[in-house]
Amino acid sequence: MMNDSATDNLPEGLFQLLFEKSPGSLLIKADAPRFTIVAASDDYLDVTSVKREEILGKGFFEVFPDTDTDPKDEAAARKVFTRVQQTGEKLDVPVYRFDRVHPVTREKEEHYWSCSNIPVEDSEGRVAYILNTVVDISGEVRAKEAAIESENRFLMAAEATGLAIWDLSIPQRVFNFSPQMVAIFGHPPDTEVTLASVRSQVNPDDMQNVVLRSYNEALVTGQYAYEARITWPDDSIHWIRVKGVVLFDEKKKPCRMLGTIVDITESKRDEIRKNDFIAMASHELKTPLTSLKAYIQLLEGKLTAAKDPFIRTSLIKAASQVNKMTALIHGFLDISKIEPGKLQLKKQVFDINKLIGEAIAESRIMSGTHVLQFKPVGDINVNADREKIGQVISNLISNAIKYSPKGSVVEVKCEAHGTDAEVSVIDAGIGIGKKDQPKIFQRFYRVENDAMKHVAGFGIGLYLSSEIIQRHKGKIWVTSAERKGSTFHFSIPLAP
Ligand code: ADP
């Protein structure tokens with residue numbers, strides 16, 4: 001071993017010293033079946049809690065007998081050493097268990113090791129020694145076991161609550177999920193499902209309008225959430241709620257998405273029943289309200305000449321309350337129609353400037369309290385549902401009036417930007433705080449503060465507006481500063 005000329009000048013005993021200082025090393029003579037221990041490094045003695053004088057010159061299995069007990073164990077030391085001796089090839093055992101006896105308490109401690117067995121040949125090419133190096137990996141093994149246990153516990157809790165966990169690596173399209181997924185999509189346990197197969201069960205409209213939209217949004221915002229309809233193999237319709245987060249790589253590119261999926265059919269059915277009830281009740285309320293309005297108009301006509309100003313102002317107030325109530329009932333009716341698939345767009349090409357002009361004229365009649373400004377520039381044609389876009393514009397104007405002081409200016413602007421028409425409604429009102437801005441488009445959300453106390457509303461106008469705009473593949477957003485005013489913008493594609 002030491003007849004290399006390069007080693008000639010090295011001080012005597014240096015190799016012995018180097019060996020003894022090397023991490024976890026044991027030199028064993030290849031004298032099967034005894035495998036006599038020839039040298040051990042300090043670190044080896046330390047990790048195995050034995051003393052050098054106790055082991056040098058002893059057979060390996062006299063010192064570490066337990067390793068030889070399980071004949072089926074491929075990692076059993078005797079098998080490994082014998083193989084190295086016979087084949088002359090290096091053999092690694094990445095993980096094996098060998099319990100250590102604590103040097104003080106003498107109690108057995110569970111330990112895991114990773115070892116490597118390198119043959120050392122004599123001048124005739126026979127394996128004369130085996131260099132056995134070991135590393136204590138008990139910490140890593142325990143951490144891995146704890147991680148697996150915690151994952152199992154989490155999965156059990158998730159399964160018990162009907163939640164499936166999924167994980168999608170974006171570039172590779174590798175889709176992993178917990179077993180509950182199969183049940184949520186209506187299949188018997190152990191059925192093979194894939195990303196493509198579960199996607200094919202999603203209602204095609206929801207796929208276009210909800211799933212793909214949320215997916216593309218998630219790649220930007222990092223948050224993934226939607227509710228959609230799926231069809232089970234028995235043709236029944238179910239609702240799922242998917243939530244997840246996107247992980248980005250160091251180049252800020254989305255690389256992975258993980259989240260949960262749950263069946264919400266029951267609560268969705270309740271919601272649909274509630275919506276149907278609202279639709280029915282609102283519909284029934286509309287009829288008496290229409291005749292009330294007609295009678296008030298008749299009376300107004302008859303009493304314009306009436307001397308008593310009280311009668312006249314009372315009638316004007318009654319008419320305005322009837323109008324408010326009609327608008328509310330229409331809102332409820334709309335909300336009940338917003339279910340996916342129910343809100344149908346009737347598209348046509350029209351000049352949006354003209355539509356804004358009409359909405360402004362109507363608002364001037366309904367409330368003369370504010371200065372409404374609008375300077376249209378040319379024709380701006382869009383291909384959209386005229387009535388619904390009109391509803392959005394009226395909503396934004398009436399909010400601007402509602403949430404700004406009497407006499408202040410409300411300005412509407414419309415410009416073509418690239419391939420979009422962008423409408424802005426600007427007010428000098430109470431404004432909206434930063435934390436409320438993302439929430440005001442949610443259903444029934446209303447800002448809670450003193451300025452809002454005396455303003456009636458249900459928090460459905462902006463929700464409806466945003467649904468209508470999104471169905472047009474457009475965008476709606478707000479820029480605002482508290483006590484300074486708000487600007488609501490929306491954009492929809494121009495007519496091609
Ligand atoms: P509603 O006005 O019936 O409450 P909306 O959905 O139209 O419902 O509006 C939701 C909330 O957004 C309102 O309650 C209000 O807090 C806020 N908001 C909407 N428009 C404005 C505006 N122009 N200025 C200030 N706050 C507004």
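Ligands are counted one by one from 1 in listed order, and the atoms in each one are counted from 1 as well. Every value quoted in this text rests on a predicted model; they were computed, and no experiment measured them.
- Of all the atoms in ligand 1, the ones that sit under 4.0 Å from a non-hydrogen atom of I460 are 6 (O), 8 (O).
- Applying the salt bridge (charged side-chain N to carboxylate O under 4.0 Å, His left out) test to R269 and every residue at least two apart in sequence or in another chain returns E266.
- Looking at heavy atoms from C-beta onward, V242 lies in side-chain contact with I240 at the 4.5 angstrom threshold.
- The residue from N399, V447, V425 that puts a heavy atom closest to atom 19 (C) of ligand 1 is N399.
- By the 4.0 Å heavy-atom criterion, F441 is excluded from the residues contacting ligand 1.
- Residue-ligand proximity, R446 to ligand 1, at heavy-atom distances under 4.0 Å covers atoms 1 (P), 4 (O), 14 (O).
- Nearest protein heavy-atom neighbour of atom 12 (O) of ligand 1: I440 CG2, 3.3 Å.
- In this structure, atom 23 (N) of ligand 1 lies nearest to the protein heavy atom D427 OD2, 2.8 Å.
- G429 does not count as a contact of ligand 1, since none of its heavy atoms falls under 4.0 Å from the ligand.
- E271 has a carboxylate O that lies under 4.0 Å from a charged side-chain N of R443, or vice versa, which qualifies the two as a salt bridge.
- For atom 10 (C) of ligand 1, the closest non-hydrogen atom on the protein side is Y445 O, 3.4 Å.
- The existence of a salt bridge linking D436 and K439 is excluded, since no basic side-chain nitrogen approaches an acidic carboxylate oxygen closer than 4.0 Å.
- Those atoms of ligand 1 that come under 4.0 Å of a heavy atom in K402, given as number and element, are 1 (P), 2 (O), 3 (O).
- Looking only at protein heavy atoms, the nearest one to atom 13 (C) of ligand 1 is Y403 OH, 3.4 Å.
- Here K144 does not pair with E140 in a salt bridge; the nearest charged N to carboxylate O distance is not below 4.0 Å.
- Counting heavy-atom neighbours within 6.0 Å of E151 CD, excluding the residue itself, gives a total of 12 or less.
- By the 3.5 Å distance cut-off applied to N or O atoms, F488 is not counted among the residues near ligand 1.
- Side-chain atoms of N395 and F488, non-hydrogen and from C-beta on, never get closer than 4.5 Å to each other.
- With rounding to the nearest 0.5 angstrom, the CD1 atom of I137 is 13.0 Å from the CZ atom of R97.
- Among I426, L396, L462, I432, the residue whose heavy atom lies closest to atom 5 (P) of ligand 1 is L462.
- The option from G459, S486, G431 that lies nearest to atom 8 (O) of ligand 1, judged by heavy atoms, is G459.
- In this structure, CD1 on I165 lies 8.0 Å from CD on E159, to the nearest 0.5 angstrom.
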